[in-house]
**Student:** 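The structure under discussion is supplied below as structure tokens; questions concerning it will follow.
Below, each value reflects all heavy atoms present in this structure, side chains not excepted, and no hydrogens, waters or symmetry copies.
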Amino acid sequence: MNLLQKIFGDEREAERETIVAHEAGHTLMAWFSPYVSDVPVVSISLRRNSVTHYVRIGTGTTPPPASWSWDEACIGLGGIAAEMHSRNVANPVHSRGDLVRARDVLSSVLERHGLASCPWGDAATGLEVDIGEMFKEPAPTEVRVALNLAFAHAVVLLRRHRQQYEAICGVLREQGHLLAADLTELLGDRPWKLFF
């Protein structure tokens, strides 16, 4: 029996797998973001009868460019994309904060730099889901387009790095956490050394 089976028990397997997918998605997006200096820890644990889960990232000391805002939204939406990619459903309890943060970050970058500041060429066409529809109040059209672009980029990264994503999931299931050294062992050196 692995650590997460002990925490969740067999009756909560679906919840366990959703959280593993979600955190692995955030981790993969952060690992492949040029604006993240490091990913020191990923953790899923039980505290006071409540499950806590998070990915801690470093962003360096220099003010990041507008592209960081796009990457920050992609990292947030990466958890949702991973849930949908692995489980064909996103859990609104785990996703609400990520959705709101992505919407707010993208609203701000659009105000300052416009939609043309999107750094990716990934097309948001062909997505099975419109992320903008996950809000009670509809997001403005430009924000909705931006959310779908960030989500599409997360889906592209998940597909491109499927084996690494599965490796992260496997270790999270077994250990409940990953440290930077574990991630380097699983994924190799980070491809980005631009800002740090």
**Student:** Do Glu72 and Val109 come within less than 4.5 Å of each other through their side chains, counting heavy atoms only?
**Tutor:** no

**Student:** Counting N and O atoms only, with roles assigned by atom type, does the side chain of Ser107 sit under 3.5 Å from a partner on the main chain of Arg103, one being a donor and the other an acceptor?
**Tutor:** yes

**Student:** Are more than 12 heavy atoms, taken from residues, nucleotides or ligands other than Glu142, located less than 6.0 Å from that residue's CD atom?
**Tutor:**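 Yes, CD of Glu142 has more than 12 neighbouring heavy atoms, counting only those of other groups under 6.0 Å.
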
**Student:** To the nearest 0.5 Å, what is the distance between CG on Leu158 and CE on Met84?
**Tutor:**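 Interatomic distance, Leu158 CG to Met84 CE, rounded to 0.5 Å: 12.0 Å.
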
**Student:** Working to the nearest 0.5 angstrom, can you tell me the gap between Asp104 CG and Leu99 CG?
**Tutor:**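 If I round to the nearest 0.5 Å, the distance is 10.5 Å.
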
**Student:** Please collect all salt bridge (Lys or Arg N to Asp or Glu O under 4.0 Å) contacts where either partner lies in residues 25-34, sequence neighbours excluded, each pair once.
**Tutor:** none

**Student:** Do the side chains of Ile75 and Leu187 join up, straight or via other hydrophobic residues, at under 4.5 Å, putting them in one cluster?
**Tutor:**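 Same cluster.
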
**Student:** To the nearest 0.5 Å, what is the distance between CG on Leu179 and CG on Asp182?
**Tutor:**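 Here the interatomic distance stands at 5.0 Å.
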
**Student:** Could you measure the distance from the CD atom of Glu17 to the CZ atom of Arg173? Nearest 0.5 Å is fine.
**Tutor:**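 Rounded to the nearest 0.5 Å, the CD-CZ separation comes out at 4.0 Å.
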
**Student:** What residues form a side-chain contact (heavy atoms from CB on, under 4.5 Å) with Ala146, not counting sequence neighbours?
**Tutor:** Trp70, Leu106, Leu110, Leu115

**Student:** At their closest point, which heavy atom of Ser33 faces which heavy atom of Trp68, and how far apart are they?
**Tutor:** OG-CZ3, 4.1 Å

**Student:** Any heavy-atom pair between the side chains of Arg101 and Asp98 that's under 4.5 Å?
**Tutor:**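 When only atoms from C-beta onward are counted, Arg101 and Asp98 do not touch, as no gap falls below 4.5 Å.
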
**Student:** Work out which heavy atom in Ala21 is nearest to a heavy atom in Ala82; give both atom names and the distance.
**Tutor:** O-CB, 3.1 Å

**Student:** Taking only distance into account, with no hydrogens and no angle test, what donor-acceptor pairs under 3.5 Å do side-chain atoms of residues 164-171 form with protein atoms, sequence neighbours excluded?
**Tutor:**
residue: Tyr165; atom: OH; partner: Ser86; partner atom: OG; Å: 2.6
residue: Glu166; atom: OE2; partner: Arg162; partner atom: NE; Å: 3.1
residue: Glu166; atom: OE2; partner: Arg162; partner atom: NH2; Å: 2.8

**Student:** Might you point out which heavy atoms bring Ala24 and Leu172 nearest each other, and give the distance in Å?
**Tutor:**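 So the minimum-distance heavy-atom pair works out to N-CD1, 4.0 Å.
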
**Student:** Contact between Trp31 and Thr184 at the side-chain level, heavy atoms closer than 4.5 Å - yes or no?
**Tutor:** yes

**Student:** Taking atom CG of Leu149 and atom CZ of Arg144, what is their separation to the nearest 0.5 Å?
**Tutor:** 13.0 Å

**Student:** Find the distance between NE2 (His153) and CZ (Arg160) and round it off to the nearest 0.5 Å.
**Tutor:**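 These two atoms lie 7.0 Å from each other.
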
**Student:** Residues two or more places apart in sequence or in another chain: which of them pass side-chain contact (heavy atoms from CB on, under 4.5 Å) with Ser108?
**Tutor:**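 Partners of Ser108 under the side-chain contact (heavy atoms from CB on, under 4.5 Å) test: Arg112.
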
**Student:** Look at the side-chain heavy atoms of Ile, Leu, Val, Met, Phe, Trp and Tyr, link any pair under 4.5 Å apart, and say whether Val105 and Leu157 land in one connected group.
**Tutor:** no

